[in-house]
Amino acid sequence: MTARPDGVLVSGEAYPDVLTPEALAMVARLERAFGDRRRELLAARKERQAGLDAGEELGFLPETAHVREGGWTVAPPSPGLSDRRVEITGPTDLKMVINALNSGATGFMADFEDSNTPTWANMVTGQASLTAAVAGTLSFTSPDGREYRLGEQLATLLVRPRGWHLDERHVIVDGNAVSASLFDIGVFCVHNARTLAERGRGPYFYLPKLESHLEARLWNDVLDLLEAQLGLEHGTTKATVLIETLPAAFEMDEILHELRDHSCSLNAGRWDYLFSAIKTNRTRADRILPDRSSVTMAVPFMRAYTELLVKTCHRRGAHAMGGMAAFIPSRRDAALNERALAKVAEDKRREATAGFDGTWVAHPDLVPVAMAELDAVLQGRPHQIERQRPDVDVTAEQLLDIASAGTRCTEDGLRNAVSVSIQYLSSWLRGSGAVGVDNLMEDVATAEISRAQVWQWVHHGVTLDDGRTVTADLVRQVAAEELQRIREAVGEDVFAASRADDAMAVFEEVALSDELVDFLTLVAYQRID
Ligand SMILES: CC(=O)SCCNC(=O)CCNC(=O)[C@H](O)C(C)(C)COP(=O)(O)OP(=O)(O)OC[C@H]1O[C@@H](n2cnc3c(N)ncnc32)[C@H](O)[C@@H]1OP(=O)(O)O
Ligand SMILES: O=CC(=O)O
Ligand SMILES: [Mg+2]
């Protein structure tokens, strides 16, 4: 540990260009101002879950009915955020950032959350990439000699800090590990906020994994404090909140209202939403999620969620942003590529037709595909916020109707969930938080679904369509078989470097413990750095 000014201790490599005295002082200021509230809100999550486990139901809050009924709107979109047809997302290494900014997308969400392993090196060098991107000096030469430079027409930069549940344990303030969210946003703002504000282009953020409007209030206060400290006009920072937990779906209006000076949109984070649907309903044998492949966006409870999101956003003058289709293109296999593009086009068509103003893609080759679908609906307009949805009337029962996804639980579904969990954990532990598995994008959110689903099926002794009951022993047998299959497929050298033992140990803890662990990253974080 290296002592720093103001009771701040930093461990790990020093990275003096990123972890400047000003940056660390800002992180400390944020932690001292908001650390206790964060911990209280995390405790409130546990309390709410205890109530749900005891049989309570989620519902629209009676105490905030006046907010839902009021006629307010959020602040108008800032420059660079009016037209958000296609946003590419991805981790923050140099090449990805350059490729994403040059991709032709309207926006780039630089991601410290779902697609990122929070090693100290990833966190700090990611900040350095973004600072160089904002300064316009970003460049990269690949090991095979390819040169990467920023082009003329760049996507608008949005940054997703890590969620409230995570600590950044390399920075200790007054004896506590700092909030990872406050570390990410504080460091980014110190280096980039004034430059972005002078250009009228931010800073803009995506806020992940919120579970209540009180968590949005905390974010609002963080943004206000950052603006005041950095001399930015009030409302310069803008936030898109991911509605990706089941509890947050009941507080969409309230979340926009809390952040109304900073709000520009909500995003339908479908993968974490499915994970949350399992997690919040962990004790409910009548709310089992079937095979992941059968839970499409068209199943009634997912449709209810996205319809409510579009309606809420447009009523409040905010953009409604769509989510991520998991299909990734292939530059090596033309037939596979064609299938992936067709699947993504179908997903984006559904979103645009339902009223979404923009959407996400995971890969540069998907930008034109998604753009074409949005263009076909928008017909030259930057968005369709004016399209109100009085026809939509979503009830709590519809949001909670997980059973509407069907009952198809199969050995293939189980095998896939086990295999994806192990492969993803192996990648995450080696520092890559996004990876293609069987031509689908896997990241923290999708891996959370897989491992939580295994836990749910074991915990409730689900019967597969072949009549077998899912038990911990069956899962261990499937895991051993899948591991052997992976070993044969990748070869001994790759397998030896795959951290398979660690991945299996984390899998055992997050999929087979008696109690469902809140986040796999909390367990896996103990095994990095
Ligand atoms: C649930 C959620 O939160 S979704 C959001 C979080 N998840 C993500 O953001 C995932 C982002 N996507 C990715 O990380 C990647 O696309 C993967 C891991 C899925 C696939 O990556 P790869 O196997 O490297 O893809 P592929 O080999 O086809 O890449 C081709 C080129 O596109 C680039 N590329 C791929 N995805 C991206 C991206 N998201 N942003 C920028 N560039 C990208 C590659 O760097 C590569 O560049 P090069 O030709 O200059 O070498
Ligand atoms: O962050 C997005 C999601 O789908 O999860
Ligand atoms: Mg997510």
Pair Glu351 + Arg303: basic N to acidic O under 4.0 Å: no
Are Gln384 and Val377 side-chain neighbours, meaning at least one heavy-atom pair lies under 4.5 Å? yes
Let me confirm one number: the CG-NZ distance from Leu259 to Lys238, rounded to the nearest 0.5 Å. 10.0 Å
Can you name the one residue among Ile243, Thr245, Val241 that meets side chain to side chain contact (heavy atoms under 4.5 Å, CB included) with Leu210? Val241
Applying salt bridge (Lys or Arg N to Asp or Glu O under 4.0 Å), run through Arg350 and Glu307 and close with a yes or a no. CA-CA 11 Å; Arg350 179 191 50 74; Glu307 294 274 277; over 6 Å; no
For His262, all residues meeting ring pair (Phe, Tyr, Trp, His ring centres under 6.0 Å), sequence neighbours excluded: His234
Do Thr446 and Glu442 meet the criterion of a side-chain donor-acceptor pair at a distance under 3.5 Å? yes
Determine whether Pro247 and Ser276 make a side-chain contact, defined as any pair of heavy atoms from C-beta on separated by less than 4.5 Å. yes
With rounding to the nearest 0.5 angstrom, report the CG to CG distance, Leu242 to Asn267. 4.5 Å
Would a 4.5 Å heavy-atom cut-off, applied to side chains only, mark Ser450 and Phe275 as touching? no
What one should report as the nearest heavy-atom pair of Gly433 and Tyr424 is O-OH, 2.6 Å
Arg270 and Glu244 ion-paired at < 4.0 Å: no
State, with a plain yes or no, whether a side-chain heavy atom of Val10 is found less than 4.5 Å away from one of Val8. yes
Of all the heavy-atom pairs spanning Arg387 and Ala354, show the shortest one and how long it is. NH1-C, 3.7 Å
Arg45 versus Leu42: any side-chain heavy-atom pair under 4.5 Å? yes
dist His170:NE2 -> Leu9:CG (nearest 0.5 Å) comes out at 13.0 Å
Could you tell me the separation between the NE2 atom of His191 and the OG1 atom of Thr131, rounded to the nearest 0.5 Å? 5.5 Å
Pair Arg29-Gln229, side-chain donor/acceptor within less than 3.5 Å: yes
Does Ser82 offer a backbone N or O that forms a donor-acceptor pair with the side chain of His319 under 3.5 Å? yes
Any chance you could lay out the side chain to side chain contact (heavy atoms under 4.5 Å, CB included) test for Val97 and Leu101, step after step, and finish with the verdict? CA-CA 6 Å; Val97 172; Leu101 287 168; 3.7 Å; yes
Salt bridge check: are Asp167 and Arg169 linked by an N-O gap of less than 4.0 Å? no
Trp120 and Phe183 aromatic centres sub-6.0 Å: yes
Sorted by first residue and then second, give each side-chain hydrogen bond (donor to acceptor under 3.5 Å, both in side chains) pair with at least one member in residues 93-106; sequence neighbours left out. none
Taking every non-hydrogen atom, the tightest pair across Thr156 and Leu81: CG2-CD2, 4.2 Å
Non-hydrogen side-chain atoms of Arg85 and Thr359 separated by less than 4.5 Å: no
Partner of Thr64 by side-chain hydrogen bond (donor to acceptor under 3.5 Å, both in side chains), out of His213, Glu254, Glu69, His257: Glu254
With a cut-off of under 6.0 Å to the ring centre and 45° to the axis, is Arg68 in cation-pi contact with Phe60? no
Below 4.0 angstrom, N of the basic side chain to O of the carboxylate: do Glu113 and Arg162 qualify? no
Can Ser265 and Arg84 be counted as having a side-chain donor-acceptor contact under 3.5 angstrom? yes
Can you tell whether the side chains of Glu57 and Arg287 come within less than 4.0 Å, N to carboxylate O? yes
One pair to check against side chain to side chain contact (heavy atoms under 4.5 Å, CB included): Glu31 and Ser179. What are the steps and the verdict? CA-CA 7 Å; Glu31 181 62 34; Ser179 150; 3.7 Å; yes
Smallest separation among heavy atoms of Gly90 and Ser115, with atom names: C-OG, 3.7 Å
Using 0.5 Å steps for rounding, measure from the NE2 atom of His66 to the CH2 atom of Trp72. 10.5 Å
Check for a donor-acceptor pair, side chain of Thr306 on one end and backbone N or O of Met302 on the other, with a separation under 3.5 Å. yes
Asp114/Lys209 ion pair, N-O < 4.0 Å: yes
What pair of heavy atoms forms the shortest contact from Leu399 to Ala304, and how long is it? CD2-C, 4.1 Å
Residues that Phe205 engages under ring pair (Phe, Tyr, Trp, His ring centres under 6.0 Å), provided they are two or more places apart: Phe188
Is any side-chain heavy atom of Met96 closer than 4.5 Å to one of Phe140? no
Criterion side chain to side chain contact (heavy atoms under 4.5 Å, CB included) on Met321 and Leu309, from CA distance to verdict: CA-CA 9 Å; Met321 298 299 296; Leu309 191 145; over 6 Å; no
Less than 4.0 Å between a side-chain N and a carboxylate O, is that true for Asp518 and Lys46? yes
All ring pair (Phe, Tyr, Trp, His ring centres under 6.0 Å) counterparts of Tyr206, not counting sequence neighbours: Trp360
Short question: side chain of Thr236, backbone of Leu232 - any donor-acceptor pair under 3.5 Å? no
Could Glu251 and Arg48 be called an ion pair, given the rule that one side-chain N must be under 4.0 Å from one carboxylate O? yes
Report yes or no: do His314 and Gln388 form a side-chain donor-acceptor pair below 3.5 Å? no
Could you walk me through whether Val222 and Ile185 pass the side chain to side chain contact (heavy atoms under 4.5 Å, CB included) test, one step at a time? CA-CA 9 Å; Val222 170; Ile185 202 164; 4.2 Å; yes
What do you reckon, is CD of Glu515 surrounded by more than 12 foreign heavy atoms closer than 6.0 Å? no
To the nearest 0.5 Å, how far apart are CE in Met123 and OG1 in Thr92? 6.5 Å
Considering only NZ, NE, NH1 and NH2 on the basic side and carboxylate oxygens on the acidic side, decide whether Arg381 and Glu386 come within less than 4.0 Å. yes
Contacts of Phe34 that satisfy ring pair (Phe, Tyr, Trp, His ring centres under 6.0 Å) - sequence neighbours left out: none
Is the charged tip of Arg292 near the ring of Trp271: under 6.0 Å from the six-membered ring centre and within 45° of its axis? yes
Give me the atom names and distance for the closest heavy-atom approach of Leu308 to Val392. N-CG1, 4.3 Å
Going by side chain to side chain contact (heavy atoms under 4.5 Å, CB included), name the residues that satisfy it together with Gln49, two or more places apart in sequence or in a different chain. Leu52, Asp53, Thr280, Arg282
Do the rings of Tyr273 and Tyr305 sit parallel, tilted or perpendicular, given the 30° and 60° boundaries? parallel
If we only count heavy atoms from C-beta on, is the Glu87 to Phe108 side-chain gap below 4.5 Å? no
